[in-house]
Amino acid sequence: MSRITGFLSFSDLRHARQRCGQMGGIFETAGWNFTSEAIGSAALAWCGSKQSNLARVGNVIATVDGQFLNLEEFRTLGIRPDASPAEWLIVLYRAYGFEKALERLAGDYALALYDGGTEQVWLARDRVGHRPLYYAETPSGIAFASRPGSLLVIPEVPVEPNRRFVSVFAGSHYRYIDNVPDESPYAAIHQVPAATVVCFTNGAKRTSRYWQLTEQPEFRESEQELAVQYRELLMEAVRRRLALCANPAFTLSGGMDSSSVLSCAVEAAGRKLHAFSSVYTDKTYDESEDIKTFLDHKVEKWHPILIEGFDLFSTVRTMVAAHDEPVATATWLSHFLLCDAVRQAGFDALFGGLGGDELNAGEYEYFPLHFADLKCNGNEAQLEHEIAAWAHHHDHPIYRKNREAADRLVARLTDSCDPGRVRVEQERLTRYYRAVSPDYFDLATFVPILDHPFKSYLKNRTHQDIFRETAPCCLRAEDRDCSAFGLAHMDPFFDHRLIEFMFRVPGHMKIRDGITKRLLREAMKGVLPEETRTRIKKTGWNAPAHIWFSRTALTELQDLVESKRFRERGVYDVKKVRQLLTEHLEIIESGALRENHMMFFWQLVNLELWLQHVDGIRGRNTVRVSSGQGTATA
C-alpha cells in the first residue's frame with residue numbers, strides 16, 4: 001500500500017520541498033517509508049510500506065501509487081528487470097510521450113511525473129479509478145496528493161466543503177455524489193477523473209481523456225466461444241494481480257462475483273486460499289448459508305467476521321478521518337471492520353468482486369433497460385418471454401414484477417424517442433430533497449449528467465454506473481478502507497481489457513430467461529461449484545443499518561439530530577428529519593412491507609460526523625496560521 005504527494009512551486013525549490021514534506025506528513029504510519037525527489041521548482045514524494053515507487057532519471061521525476069500489469073510487453077526498451085514502476089513510467093514517457101504511454105499501459109494506479117526540461121507536471125489515474133488522486137491550485141503553486149487530507153495541511157487551501165456535494169449527500173441517493181467526476185467533497189480541491197490526464201504548464205491546466213469506451217460492433221461468435229474468451233480474460237486479470245501479492249486474502253459473499261475471483265485465483269495458485277466474509281446475526285443481509293456451500297471446494301480457511309458489538313458513532317468517526325469524506329453506504333463499515341481482521345490475520349492484500357455486477361448486468365435494476373432494448377429492436381415475442389421470466393424469478397411483495405410494472409419502469413427510465421438514452425431515476429434522486437434546507441443549497445438546481453455513448457439502453461446504464469455512479473464511490477471507499485490497515489486492494493473485474501470485451505457482448509448474453517450474468521455463468525463452468533454458478537436469487541451486498549438506527553445507535557442518533565451544532569449548521573430541515581426518524585422507527589417496529597430510511601440516516605450520520613471532522617481541521621489550521629506556522633512561504 002502506498003500514497004503519493006507533490007508540489008509545483010511558482011517561486012522556488014525550497015518552497016516545493018517544504019510543501020511536499022508537509023503533505024506527506026499525514027501518511028506517517030508505523031513501518032511506512034517516506035522518500036522524495038526535487039528538480040527545479042517541483043518536488044514529488046512517495047510513502048508506503050514496501051520498496052519506494054519514486055524515481056529520477058535525468059531531469060524527470062515520477063512517482064506511482066499502484067502497479068502496472070503488462071511491463072513484459074516493453075522489455076525491448078532495455079530497462080533492467082528489477083526497475084520500479086516509476087522508472088518504467090519515465091522510460092515509457094520518453095519513448096512515447098505521457099498520454100501515449102498510458103494508452104499502452106495496463107494497471108491500477110495513480111501517478112505523477114515532472115519534466116524539468118518542459119517544466120510540466122503530469123497527473124493521471126487508471127482507466128476506472130482504482131487509486132485516488134487530487135490536486136489544488138494555490139497562489140504559490142500546484143499541490144497534488146492521493147488524499148485530500150494531504151492538501152488541507154497547506155494554509156492556502158481553504159478547508160471549506162463543496163456545497164453541491166454536501167447537499168446531494170444529505171438529501172439524495174449516494175449514486176449521485178460522484179456525478180461530476182472532477183469535484184471532491186472540498187470546494188477548493190479537484191479530483192483527477194478516471195482515465196484522465198491533467199497537465200500543468202506555466203500554471204495553465206489542460207485536461208484530456210486517454211481512454212474511453214465507444215460504440216463497437218457486437219460480437220457474432222457463439223455464447224460458448226465467447227465464454228472461453230471471457231474465462232481466459234478473467235483468469236489473466238486475476239493471475240497478473242495475484243503475482244503482485246505475497247499473502248493475499250479474498251472477500252467472499254454468496255454471489256458469483258467474489259466467488260468467481262476467488263475460484264480463478266485458486267486455479268492460478270494451484271491451492272486453496274483464505275476467504276473473509278461479513279456476517280450478521282440479523283438475517284436480512286446475512287449470506288452465510290449460501291457461502292457455506294462454496295467452502296469445501298476452494299477455501300483453505302473461512303474467516304466469518306461477525307459485524308456486531310461495535311460502537312457505530314465511534315467507528316464512523318474513525319472511518320471519516322481515514323477517508324477524508326463521508327462514506328457512501330453502510331456496507332463499507334462492515335468492510336472496514338473486515339479489513340481490520342484481514343490485517344490482524346497477517347495478510348497484505350484483499351481481492352474483491354467489484355465490477356462484476358456492472359459488467360455482467362447483475363443488478364435487478366438492469367432488467368428494465370434490457371426490456372427497453374428488446375422493445376426498441378422490435379423483439380416483442382422475446383420481450384414477453386423475458387418479462388414473464390423476470391416475474392417468475394424475482395417477484396417481491398413490495399417491488400412487484402409483472403407486465404404493468406415492466407412497462408412503467410421502461411417508461412420512467414428510458415427515452416423512447418432517442419434510442420439508448422436513459423433517464424434519471426427521479427424517485428431515487430429526489431426522495432429526500434425535502435429534508436435539505438434550500439437556504440443551504442437548492443437541490444432543484446442539480447441536474448445529473450448522463451452519458452450516452454451507445455445505442456443500447458443497457459450499455460449506457462452500466463457505463464453510467466462505472467464512471468459516474470456506483471463504481472467511483474465504491475472504489476474510493478474500498479481504497480480508503482484497505483489503506484487504513486496497510487492492505488493493497490485488487491478488483492480483477494475492472495481490468496480494462498475485460499471491460500472492453502464485455503461492452504461488445506450482446507444483451508441477451510448478459511440477461512436471458514429472467515437470469516442475470518449469463519455469459520459469466522457459462523464461462524465459470526468447471527470453475528465454480530454448480531450450486532454457486534446456477535444460483536439465481538441474490539441477497540445483495542448490504543448491512544443491517546435498519547437495526548443500527550432503530551436500536552443500538554438510536555439514542556446517539558436522536559441526540560445528534562437534536563444537537564445545537566446540527567441545527568445551526570443549516571444543512572437539514574430538522575423538523576423533516578424528525579418526521580423521517582419517526583417514520584423509520586414505525587416501519588421497523590411494525591414490520592411493515594415498506595422501504596425504511598436506513599440509507600438516509602447512514603448518510604446523515606456520516607455527513608455530520610465528517611463536517612465535525614472538517615471543523616476540527618479548520619480549527620487546527622487557524623491555530624497554526626495565527627501562531628505563525630506555515631505562513632513564511634504562503
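The structure presented is a predicted model; accordingly, all values stated were derived computationally and were not measured.
Ion pairing of Arg3 with Asp479 is present here, as a side-chain N (NZ or NE/NH1/NH2) and a carboxylate O approach within less than 4.0 Å. Note on Asp373 versus Lys459: no salt bridge recorded, every NZ/NE/NH1/NH2 to OD/OE distance being 4.0 Å or above. One finds a salt bridge joining Glu99 and Arg206 here, because a Lys/Arg side-chain nitrogen approaches an Asp/Glu carboxylate oxygen to under 4.0 Å. Ion pairing of Arg241 with Asp491 is absent here, as no side-chain N (NZ or NE/NH1/NH2) approaches a carboxylate O to less than 4.0 Å. A salt bridge does not link Arg518 with Glu223: every distance from a Lys NZ or Arg NE/NH1/NH2 to an Asp or Glu carboxylate oxygen is 4.0 Å or more. In this structure, Glu425 pairs ionically with Arg412, as a charged nitrogen and a carboxylate oxygen lie closer than 4.0 Å. The pair Glu380-Lys375 does not meet the salt-bridge criterion, since no charged nitrogen lies less than 4.0 angstrom from a carboxylate oxygen. A salt bridge between Glu522 and Arg533 is absent, with no side-chain N of the basic residue lying under 4.0 Å from a carboxylate O of the acidic one. Classification of Lys525 and Glu530 as a salt-bridged pair fails, no side-chain N sitting under 4.0 Å from a carboxylate O. Glu469 has a carboxylate O that lies under 4.0 Å from a charged side-chain N of Arg461, or vice versa, which qualifies the two as a salt bridge.
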Candidate pair Asp178 and Arg468, rule salt bridge (charged side-chain N to carboxylate O under 4.0 Å, His left out), full reasoning
CA-CA 6 Å; Asp178 285 286; Arg468 291 189 188 270; over 6 Å; no

Hey, mind stepping through Gln382 and Glu386 against side-chain hydrogen bond (donor to acceptor under 3.5 Å, both in side chains) and telling me if it holds?
CA-CA 6 Å; Gln382 186 65 26; Glu386 287 298 331; 2.9 Å; yes

May I have the step-by-step check of side-chain hydrogen bond (donor to acceptor under 3.5 Å, both in side chains) for Arg535 and Thr293, ending in yes or no?
CA-CA 11 Å; Arg535 185 178 296 124; Thr293 64; 3.2 Å; yes

Before giving the answer on side-chain hydrogen bond (donor to acceptor under 3.5 Å, both in side chains), spell out for Asn70 and Glu73 the whole-Å C-alpha distance, their side-chain angles and the decisive distance to 0.1 Å.
CA-CA 6 Å; Asn70 63 330; Glu73 299 174 15; 3.3 Å; yes

Just do the salt bridge (charged side-chain N to carboxylate O under 4.0 Å, His left out) check on Glu325 and Arg480 with the steps written out, would you?
CA-CA 10 Å; Glu325 62 182 301; Arg480 301 293 214 285; 3.4 Å; yes

For Ser277 and Glu287: C-alpha separation, side-chain torsions, deciding distance, then whether side-chain hydrogen bond (donor to acceptor under 3.5 Å, both in side chains) applies.
CA-CA 9 Å; Ser277 307; Glu287 298 181 80; over 6 Å; no

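Ring-centre distance between His597 and Phe600: not below the 6.0 Å cut-off. Checked against a 6.0 Å centroid threshold, the rings of Phe68 and Tyr109 count as neighbours. With ring centers used as reference points, Phe454 lies under 6.0 Å from Phe503. In this structure, Phe367 has its ring center under 6.0 Å from that of His394. Between Trp602 and Phe169, the distance from one ring center to the other does not fall under 6.0 angstrom. Taking the six-membered ring wherever Trp is involved, the centroid distance between the rings of Phe467 and His463 falls below 6.0 Å.
Side chain of Asp126 to backbone of His130: a donor-acceptor contact under 3.5 angstrom is found. At distances below 3.5 Å, at least one donor-acceptor pair connects side-chain atoms of His452 with backbone N or O atoms of Leu450. For the pair Glu358 (side chain) and Asp465 (backbone), a donor-acceptor distance under 3.5 Å is absent.
Ring planes of Trp610 and Tyr186: perpendicular class, angle over 60° (limits at 30 and 60°). Ring pair Tyr230/Phe501 is tilted by interplanar angle, where 30° to 60° counts as tilted.
Checking Tyr280 against Ser334 by side-chain atom types alone, a donor-acceptor pair falls below 3.5 Å.
Within a 6.0 Å sphere centred on NZ of Lys100, other residues, nucleotides and ligands contribute 12 heavy atoms or fewer. In this structure, Glu404 places its CD atom where only 12 or fewer heavy-atom neighbours from other residues, nucleotides or ligands lie under 6.0 Å away.
Summarising the geometry of Ala372 relative to Thr414, their closest heavy-atom pair is CB-CG2, 3.7 Å, with the distance given to 0.1 Å. Here the closest heavy-atom approach between residue Gly362 and residue Tyr366 is recorded as N-CD1, 3.7 Å.
Each of Ile466, Leu520, Thr462 was evaluated against Leu359; a single residue qualifies, Ile466, per the side chain to side chain contact (heavy atoms under 4.5 Å, CB included) test.
Here the straight-line distance linking atom CZ of Phe250 with atom NZ of Lys298 works out to 12.0 Å at 0.5 Å rounding. Put simply, CG on Leu369 and CD on Glu365 are 8.0 Å apart, with the number rounded to the nearest 0.5 Å.
Two residues are said to be in side-chain contact when any heavy atoms from C-beta on lie closer than 4.5 Å; Glu232 and Met235 fail this criterion. In this structure the side chain of Val128 reaches within 4.5 angstrom of the side chain of Leu475, judged on heavy atoms.
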